[in-house]
Asks: 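Let me give you the structure first, and then I'll get to my questions.
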Amino acid sequence: MKLLEYESKALLELYHIPLSKSGGVISSAGQLNSALKRAGCGPWVIKAQVLAGGRGKAGGVKIAKTMVEAKQVVKAMLGMELKTHQTGGRTLVVREVLVEHAAPIDREIYLAVTMDRGKGLPVLVGCGEGGVEIEELARTKPEKILREEVDPSEGLNPFQARRLCFSMGIPADQLSIFVRTAQSLARLFLEKDASVVEINPLVLSRGKLLALDAKIVLDDNALFRHPDFAKRSDHESSPLEREAKRVGISYIGLEGNIGCLVNGAGLAMGTMDSIKLAGGDPANFLDVGGGASAAQVESAFNILLRDKKVKAVLVNIFGGIMKCDTIAEGIIKAISSLKSETQKAKRKAGFSPIVVRLEGTHVQEGRDLLTRSGLPIIQAHSLSEAAEKAVQAAKQEG
Amino acid sequence: MSILVNKETRVVVQGITGSAGSFHAQQCLEYGTQVVAGVTPGKGGTSWKPGSGQGSQELPIFNTVSEAVRQTGADASLIFVPPPFAADAILEAADANLRIIVCITEGIPVLDRARVRQKLGVRGQGSGVRKEELSPRPSPLNPVLIGPNCPGIITPGQCKMGIMPGYIHKPGPVGVISRSGTLTYEAVWQLTQKGLGQSTVVGIGGDPIVGSSFVDLLELFEKDSVTQAVLMIGEIGGSSEEAAAEFFKKHMSKPLFSFIAGKTAPPGRRMGHAGAIVEGGAGTHEGKIKALKQNGVRVIENLSDIGATISSQLSHFHPTVTVN
């Protein structure tokens with residue numbers, strides 16, 4: 001789960017990490033005056049609250065020197081559409097902006113905690129040159145990126161924070177505050193089950209350390225330990241993606257016209273690759289997971305068939321935990337109820353062709369159920385056969 | 001021969017009374033695996049009966065893993081415990097000196113995994129906590145943890161310790177390792193249909209932190225006398241395929257085939273820079289294929305070609321292998 005900047009900063013504040021003076025988050029221009037008062041004297045910085053980096057370059061961060069200017073900025077920014085290199089081609093609408101005192105910046109630093117998959121440990125990452133070009137710097141001068149392992153039970157040791165502080169050339173009078181900040185950041189990461197906690201930039205402002213921007217991503221698998229966040233609404237997903245998540249299905253909408261329903265993320269990716277190789281384009285990534293029930297398969301089907309782009313559906317199930325007859329029951333139930341819906345609505349013969357390829361536990365029972373159902377299902381025995389049939393069906397429909 | 005498990009392996013199932021645990025304990029028994037006990041805290045002293053009346057074998061249930069080991073001589077554990085309690089279940093199995101721990105559970109918090117890894121690592125380094133004489137352990141893993149979020153291990157015809165459909169496998173010369181579950185079944189099924197059996201098939205799991213890596217298992221396959229070639233099924237993300245490619249070049253004499261899923265996967269909607277900085281250039285499909293090819297690994301581009309490619313190349317390079 002990704003947190004917005006102001007939500008991330010609320011967590012940093014909880015951990016006593018120094019922040020610039022905030023006027024809070026507002027969703028209408030009418031709330032601006034009191035926000036400016038809370039942020040103290042100008043200049044102010046107005047920041048679009050969207051889940052994407054590269055916001056500044058896309059016009060989502062503006063400085064205002066006067067109250068009149070601030071009003072203009074806020075009016076222009078609320079409702080604005082943002083597209084950055086981190087939004088994955090999607091447009092985000094700005095619904096809230098954060099108002100803060102614009103602290104003068106002497107120097108920018110990068111500081112983050114994330115999981116190092118190779119080591120299997122959290123790692124504190126620091127760089128004496130922070131800011132928006134940090135990834136470029138990591139590529140061209142990797143030696144400038146400093147790392148300290150974080151013990152997953154004990155946290156970060158003060159000596160590690162000191163080592164980082166001196167290597168990054170932070171003035172000695174800020175040593176104790178830096179050590180506290182780095183240790184707090186690691187503690188936040190561990191206590192809140194984060195997967196990324198990033199301060200970029202951490203700045204020296206008139207000689208003092210301040211966190212100017214923050215990004216926090218929480219581990220979805222650990223939300224059971226954090227009921228407050230589990231209740232929070234998901235800012236990022238499309239309505240179909242949220243519906244999928246609610247029923248425990250991984251779904252990502254794509255641009256093509258062949259809907260995929262697959263069990264297992266790896267096989268789902270492999271199936272998408274096969275569709276592409278057969279000359280088609282997948283409309284989505286959909287993994288019903290290992291232990292999905294017939295009901296889940298049914299909801300997966302409903303999500304797929306509600307996607308107007310879908311011209312054909314390819315179901316590829318290799319049954320392990322999930323038995324093939326369970327899948328077949330879900331498919332039959334979903335198609336039958338959809339069929340009666342379309343008949344009720346007196347629409348013309350109603351939905352995309354469905355190609356099903358089953359293999360694995362109880363496969364014969366599954367195939368028999370599909371055959372006996374009398375529904376218009378195209379069965380395939382191998383993945384390449386299924387991909388070819390789906391691509392062909394989509395072309396005929398299209 | 002085979003790696004990790006064989007017909008001697010004695011398995012305890014943690015979480016046997018849950019629906020997944022119960023179903024798969026039965027499937028493993030039907031395959032011929034020596035499942036000897038179940039563990040469910042609070043249900044010790046009762047017994048577990050297979051669900052649908054097939055087979056009459058009843059298993060004793062114990063409250064703790066160590067008690068199950070004492071009473072039944074189990075040396076391996078198969079874990080179906082729900083995510084909030086799974087890390088603790090792994091530690092309990094390790095504490096009971098089990099040689100092989102397979103954790104099927106999906107959705108364990110990544111920090112729980114980091115803590116487990118740290119504890120198992122410390123225990124493995126000859127701290128004197130372990131009683132090495134109880135059972136010789138395959139080096140360098142100590143104990144061998146497979147998973148979590150994996151389909152498990154199968155040595156065809158001998159021992160199925162996981163959730164894979166048994167009938168798609170057959171004994172033979174190809175070792176298979178994979179980060180995916182169902183994708184592995186697909187590949188194995190293609191091999192079997194081409195008449196190529198498998199020595200051992202291991203799903204290492206899809207989580208960011210897994211117990212055993214590709215490299216750990218390549219090392220075991222290289223030493224195994226039955227295994228004549230290895231198939232590695234990877235996917236985008238992380239850098240374990242790149243590490244495996246380097247290991248292959250330096251330390252392996254057997255041919256290694258590889259398929260990497262995710263060529264057409266859309267770039268994730270990521271946030272922040274930390275992941276990109278830590279992983280560097282690793283993790284992309286393109287990067288992995290390049291690393292594999294550079295190190296002499298035989299890359300299979302199309303998922304549907306796995307069986308055909310390996311069977312044709314293996315009969316060419318190893319004329320002793322019978323291919324139907």
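Naming convention: chains lettered A, B, ... in sequence-line order (proteins, then strands); numbering from 1 in each chain.
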Asks: Does atom CD of B:Glu301 have more than 12 heavy-atom neighbours, drawn from other residues, nucleotides or ligands, at distances under 6.0 Å?
Replies: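 Enclosed.
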
Asks: Using non-hydrogen atoms only, which part of B:Pro84 is less than 4.5 Å away from chain A: side chain, backbone, both, or neither?
Replies: both

Asks: In plain terms, say whether B:Arg113 and A:Asp219 are close enough for a salt bridge, that is, a side-chain N and a carboxylate O under 4.0 Å apart.
Replies: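 Between A:Asp219 and B:Arg113 there is no salt bridge, as every charged N stays at least 4.0 Å from the carboxylate O atoms.
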
Asks: Which is it for A:Arg225 and B:Asp112 under the salt bridge (charged side-chain N to carboxylate O under 4.0 Å, His left out) test, yes or no, and what are the steps along the way?
Replies: CA-CA 12 Å; A:Arg225 287 200 279 249; B:Asp112 286 8; 2.8 Å; yes

Asks: Rounded to the nearest 0.5 Å, how far apart are CD1 of B:Ile209 and NZ of A:Lys119?
Replies: 12.5 Å

Asks: Flag the pair B:Glu186 and A:Arg357 as a salt bridge only when some basic side-chain nitrogen lies within less than 4.0 angstrom of an acidic carboxylate oxygen.
Replies: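 Salt bridge present between B:Glu186 and A:Arg357.
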
Asks: Is chain A contacted by the side chain of B:Ile108, its backbone, both, or neither, given a heavy-atom distance below 4.5 Å?
Replies: backbone

Asks: Which distance, rounded to the nearest 0.5 Å, do you find between the OG1 of B:Thr264 and the CE of A:Met272?
Replies: 4.5 Å

Asks: Nearest 0.5 Å, please: how far is CZ in B:Arg117 from CG in A:Leu121?
Replies: 7.0 Å

Asks: Supply the atom-to-atom distance A:Leu267 CG to B:Thr182 OG1, rounded to the nearest 0.5 angstrom.
Replies: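 Result: 4.0 Å between the selected atoms.
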
Asks: Between A:Pro122 and chain B, which part of the residue has a heavy atom less than 4.5 Å away: side chain, backbone, both or neither?
Replies: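 Interface part for A:Pro122: side chain.
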
Asks: For residues B:Trp189 and A:Glu359, determine if any side-chain heavy atom of one lies less than 4.5 Å from a side-chain heavy atom of the other.
Replies: yes

Asks: Nearest 0.5 Å please: distance from the CG atom of B:Leu303 over to the CG atom of A:Leu277.
Replies: 9.5 Å

Asks: Is chain B contacted by the side chain of A:Leu190, its backbone, both, or neither, given a heavy-atom distance below 4.5 Å?
Replies: both

Asks: Tell me, yes or no, whether the heavy-atom count around B:Phe85 atom CZ, taken from other residues, nucleotides or ligands under 6.0 Å, exceeds 12.
Replies: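 Atom CZ in B:Phe85 is not packed in, count stays at 12 or less.
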
Asks: For chain A, which of B:Ser19, B:Ala114, B:Ser240, B:Gly181 has the most heavy-atom pairs under 4.5 Å?
Replies: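 Heavy-atom pair counts peak at B:Ala114.
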
Asks: At a 4.5 Å cut-off on heavy atoms, which part of A:Asp281 comes close to chain B: side chain, backbone, both, or neither?
Replies: neither

Asks: Would you mind checking which part of A:Ser382 comes under 4.5 Å of any heavy atom in chain B, side chain (CB onward), backbone (N, CA, C, O), both or neither?
Replies: neither

Asks: Hey, could you give me the CZ/OG distance between A:Arg117 and B:Ser213, rounded to the nearest 0.5 Å?
Replies: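 Reported value, rounded in 0.5 Å steps: 13.0 Å.
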
Asks: Taking A:Asp273 for its side chain and B:Lys263 for its backbone only, find out whether a donor-acceptor pair lies under 3.5 Å.
Replies: yes

Asks: Evaluate the side-chain proximity of B:Ile168 to A:Phe318: yes if any heavy-atom separation is below 4.5 Å, no if none is.
Replies: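 A:Phe318 reaches B:Ile168 side chain to side chain.
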
Asks: Name the option with the most non-hydrogen atom pairs under 4.5 Å to chain A; the candidates are B:Asp305, B:Leu111, B:Asn149.
Replies: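 Of the candidates given, the most pairs with chain A belong to B:Leu111.
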
Asks: Shortest non-hydrogen contact from A:Ser274 to B:Ser304?
Replies: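 Of all heavy-atom pairs spanning A:Ser274 and B:Ser304, the closest is OG-OG, 4.4 Å.
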
Asks: Could you look at A:Leu383 and say if it's the side chain, the backbone, both or neither that has a heavy atom under 4.5 Å from chain B?
Replies: both

Asks: Between A:Asp213, A:Asn316, A:Asp193, which residue shows the highest count of heavy-atom pairs closer than 4.5 Å to chain B?
Replies: A:Asp193

Asks: Kindly determine whether B:Gln118 and A:Ser153 satisfy side-chain contact (heavy atoms from CB on, under 4.5 Å), including the steps that lead there.
Replies: CA-CA 9 Å; B:Gln118 190 187 31; A:Ser153 309; 3.5 Å; yes

